[in-house]
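Only heavy atoms go into these numbers, but all of them, side chains included; no hydrogens, no water, no symmetry mates. Below, read A as the first sequence line, B as the second, and so on, with proteins coming before strands; counting in each chain starts at 1.
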Amino acid sequence: MATAYNHKLIEGKWRKNWEANPINVEDGKKPKYYCLDMFPYPSGNGLHVGHWRGYVISDVWSRYKMMQGYYLIHPMGWDAFGLPAENYAIQNGVHPSVAVERNVANFKRQMNEIAAIYDWDREVNTTDPDYYKWTQWIFVKMFKEGLAYEKEMPINWCPSCKTGLANEEVVDGKCERCHSEVTKKNLRQWMLKITAYAERLLSDLDKLDWPEKVKKMQSDWIGKSYGAEVDFKVDGMDESITVYTTRPDTLWGATFMVLAPEHALAAKLATDETREAVEKYIFDSSMKSNVDRMQDKEKTGVFTGSYAINPLNGKKTPIWLADYVLADYGTGAIMCVPAHDDRDFEFAKKFDLPIIQVIAKDGVEIENMEEAYTEAVGTMINSGDWNGMESSVLKVEAPAMIEKMGYGKKTTNYKLRDWVFSRQRYWGEPIPIIHCPDCGAVAVPEEQLPVLLPDVEKYEPTGTGESPLAAIDSWVNTTCPCCGKPAKRETNTMPQWAGSSWYFLRYVDSKNPDELVNKDKADKYLPVDMYIGGVEHAVLHLLYARFYTKFLNDIGVVDFDEPFTKLFNQGMVCGRDKETGAATKMSKSLGNIVSPDDMVNDYGCDSLRLYELFIGPPELDSIWDDRGIDGVYRFLTRFYTMAVKNIENPGAETPELIKLRNRLVYDITTRLESFSLNTVVSGFMEYNNKFVDLTKNGGVDRETIKTLVQLIAPFAPHMGEELWEMLGETGSVFHASWPIFDKAAMEDDVITIPVQINGKTKGTIDIAKDAAKDDVIAKGKEAIADKLEGLNIIKEIYVPGKIVNIVAK
RNA sequence: GCCGAUGUGGCGGAAUUGGCAGACGCACCAGACUCAAAAUCUGGCGGUGGUGACAUCGUACCGGUUCGACUCCGGUCAUCGGCACCA
């Protein structure tokens with residue numbers, strides 16, 4: 001006799017069963033499917049319902065793929081280096097690994113509640129020396145290829161905490177922790193030459209099945225532009241200044257030039273009269289943080305006293321310094337065309353510099369210009385030989401023309417900068433470099449990796465801008481691998497992004513002591529077919545991972561150059577602000593974090609899984625509402641009761657049921673394929689209502705129930721297995737193949753269509769699906785005859801199988 | 001400022017991509033069962049008018065295309081996200 005749905009009993013039973021008989025096993029014949037979750041930072045707060053959402057989505061997809069006959073790679077691991085564990089260590093004096101270990105245990109416990117098919121044999125942890133050995137190995141390879149280099153450069157510096165800060169740690173120009181004003185400090189940094197891959201990172205976006213939004217963010221970040229470098233001679237000096245411009249068509253309109261204060265010639269251009277002001281400006285700029293520089297919208301600048309000569313017309317133009325010109329983009333110098341550039345216009349207005357229009361908008365020169373005309377559309381004027389040309393054409397042709405004239409060259413530029421790769425922190429991978437007074441920076445030999453992160457007494461930054469590692473003499477002092485003389489270890493550590501830039505490779509061979517990944521395994525299991533995670537990593541992590549993969553491809557470690565074939569970004573689950581009721585990110589400080597633990601206990605894993613999907617379209621943000629889960633719980637209860645009744649007492653397989661079954665498979669499959677997971681759940685509910693009705697009127701046949709159980713299994717796996725067993729089927733439901741549908745079997749012979757007058761529905765008619773147009777229209781008119789009375793029929797429309805519309809007055 | 005997304009009942013959201021707007025669910029209301037409550041089941045549930053089968057308005061706003069528009073086009077507003085002096 002059927003018992004009521006008891007989620008605890010059913011879920012407990014199948015959890016044990018899966019443990020004893022794993023369902024995802026490789027048989028050497030099945031093709032692989034690699035479905036990856038972005039691995040989490042194991043924070044002390046544990047998982048909340050927002051994390052669950054992404055993991056449920058990926059598990060549903062994984063189980064679906066499994067039922068389609070794939071061997072699954074569906075691993076999980078820990079991105080465990082990072083500041084929270086370090087700060088915890090500073091406050092409590094315990095090693096960060098202690099907090100990590102505890103948090104990982106809690107995460108694992110919570111993840112087991114999801115019932116996702118994670119293969120824990122593949123587990124990785126970025127803080128494990130066996131793992132970061134290879135993070136360091138990649139760095140050594142990059143160093144040897146010239147892609148990792150040292151550079152003295154200004155970074156954000158907090159004078160109170162006496163430490164360097166990452167950009168993310170600077171909020172409104174102030175230190176996130178102590179709120180003092182952040183300045184700049186020159187520090188030696190390790191850099192990765194990601195710019196060497198700019199073009200490939202940009203053009204290969206085309207071959208990715210990723211959300212357009214993410215591709216656009218990456219392409220904007222890389223920021224390729226086309227233009228020309230133009231050489232201007234400095235009047236009366238044996239120097240020339242090269243500027244970069246994307247608008248060489250406006251070259252005749254250049255009325256001044258501006259250099260970044262950091263430009264190599266900046267001080268040299270000063271005359272006796274201007275020297276004091278110029279030096280002061282350069283000094284002041286150096287004291288300003290990047291943040292201040294970006295926030296000061298009001299333009300500042302100083303005239304150097306020197307002039308540059310426009311190569312096209314020989315005109316002398318004054319050279320200024322201004323911090324709105326960036327030193328590290330293009331050549332650090334620009335030609336200024338105030339008539340056709342907003343910033344130059346503003347600068348010219350402020351310092352009373354001449355404005356010459358060279359593009360006539362609609363063929364007419366603008367009188368009393370109040371803002372720059374920035375579009376490259378119009379006829380060239382005041383431009384010598386170029387007069388009369390179309391700006392849009394000239395813009396494209398000018399770079400080559402200028403190059404031909406010998407005044408410069410055609411070129412492209414990228415906004416992408418090299419990656420500042422060193423951190424003055426403890427809890428990260430030591431950079432495997434040894435500094436020798438004679439040999440310079442030398443890589444630690446590969447056979448000596450990993451360079452272990454040593455224990456320290458204090459985790460705090462030292463105050464000199466060095467990491468706490470610098471205080472351990474016994475660790476720092478070593479010998480040069482090249483010449484054997486005394487040398488010192490690099491004490492900077494890597495950023496958190498290092499370990500996460502390649503972890504997806506390690507999963508397929510996570511315990512290999514000799515190689516980053518075995519070549520055969522890489523060929524067999526990689527790349528990742530589906531990558532699921534939040535959109536917050538759209539640029540940084542995903543760009544770094546692509547860069548690493550391309551590099552590892554270049555040195556022959558892997559055979560592919562893009563790591564993630566398909567990407568899906570799930571929306572964030574928001575909580576409500578307790579006072580305003582507005583949707584906000586779930587956070588500890590707002591006290592609106594919803595933990596899944598109680599929900600699993602009260603409603604069960606299957607209910608929570610369904611609710612996570614039902615809450616809204618998976619790609620959009622949604623607001624968590626505890627009450628809604630009652631609805632899916634009621635559905636599962638009704639579904640279970642309905643299924644059990646029909647298993648015990650099946651109905652006959654009627655034509656109606658065959659039709660319904662085929663439609664069910666069609667609806668669920670197409671919705672699942674298009675990732676419309678919220679409508680999959682509502683679809684199950686809708687069909688279930690029909691089946692509940694049918695159960696009271698003759699019952700549902702066994703084949704239909706069986707199909708239903710297979711379909712629901714990826715979503716509610718415990719329920720799926722339980723009913724599968726009740727059906728008397730052997731083995732796991734996940735080894736049964738995904739049901740298929742027959743489109744012909746779905747169609748009705750008689751269909752109901754609306755009849756409209758002037759586009760407004762006035763009634764419906766039942767017609768044969770292949771009925772002739774005239775018959776349908778006649779029948780339609782008959783059905784609404786009373787409403788057509790007194791009207792003149794102008795036109796009669798029948799869209800086969802869809803609608804009848806009578807146009808009448 | 002630039003780029004992108006979104007805007008549908010009290011709420012979360014559907015709409016086969018131009019064809020019956022509001023599926024499915026939450027909340028709410030009424031009824032059944034119960035001594036009673038919970039659970040469960042049945043029915044109702046966009047606004048306005050009418051006792052009523054019905055009429056009429058309605059998908060942020062204004063306009064357009066179409067026999068027909070939540071859907072397409074032009075413009076406006078609001079909310080959210082990304083970039084932000086990249087020459």
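For B/rG9, the base is syn relative to its sugar; the glycosidic angle is within 90° of 0. For B/rU66, the glycosidic angle deviates from 0 by more than 90°, giving an anti base.
Taking the six-membered ring for Trp and the full ring otherwise, the centers of A/Trp624 and A/Tyr611 sit less than 6.0 Å from each other. Between A/Phe347 and A/Phe256, the distance from one ring center to the other falls under 6.0 angstrom. Ring centroids of A/Phe684 and A/Phe715 are separated by less than 6.0 Å, placing the two rings close together.
Rounded to a whole Å, the CG atom of A/Asp693 is 8 Å from the P atom of B/rU42.
A salt bridge links A/Lys299 with A/Glu346; the closest basic N to acidic carboxylate O contact falls under 4.0 Å.
Residue A/Asp220 is classed as having no contact, given no heavy-atom separation below 4.0 Å to the nucleic acid. Within the nucleic acid shown, A/Lys215 has no heavy atom closer than 4.0 Å to any nucleic acid atom. Contacts of A/Phe614 with the nucleic acid, taken as non-hydrogen atoms under 4.0 Å apart, include base atoms.
With sequence neighbours excluded, the residues satisfying side-chain contact (heavy atoms from CB on, under 4.5 Å) with A/Ala376 are A/Arg247, A/Asp249, A/Ser391, A/Lys395.
Of the residues in residues 250-259 of chain A, not one places a heavy atom less than 4.0 Å from an atom of RNA chain B.
Between A/Tyr544 and A/Trp419, the angle of the ring planes stays under 30°, which puts this pair in the parallel group of the 30/60° scheme.
With hydrogens and angles left out, the side chain of A/Lys299 and the base of B/rC85 share a donor-acceptor pair within 3.5 Å.
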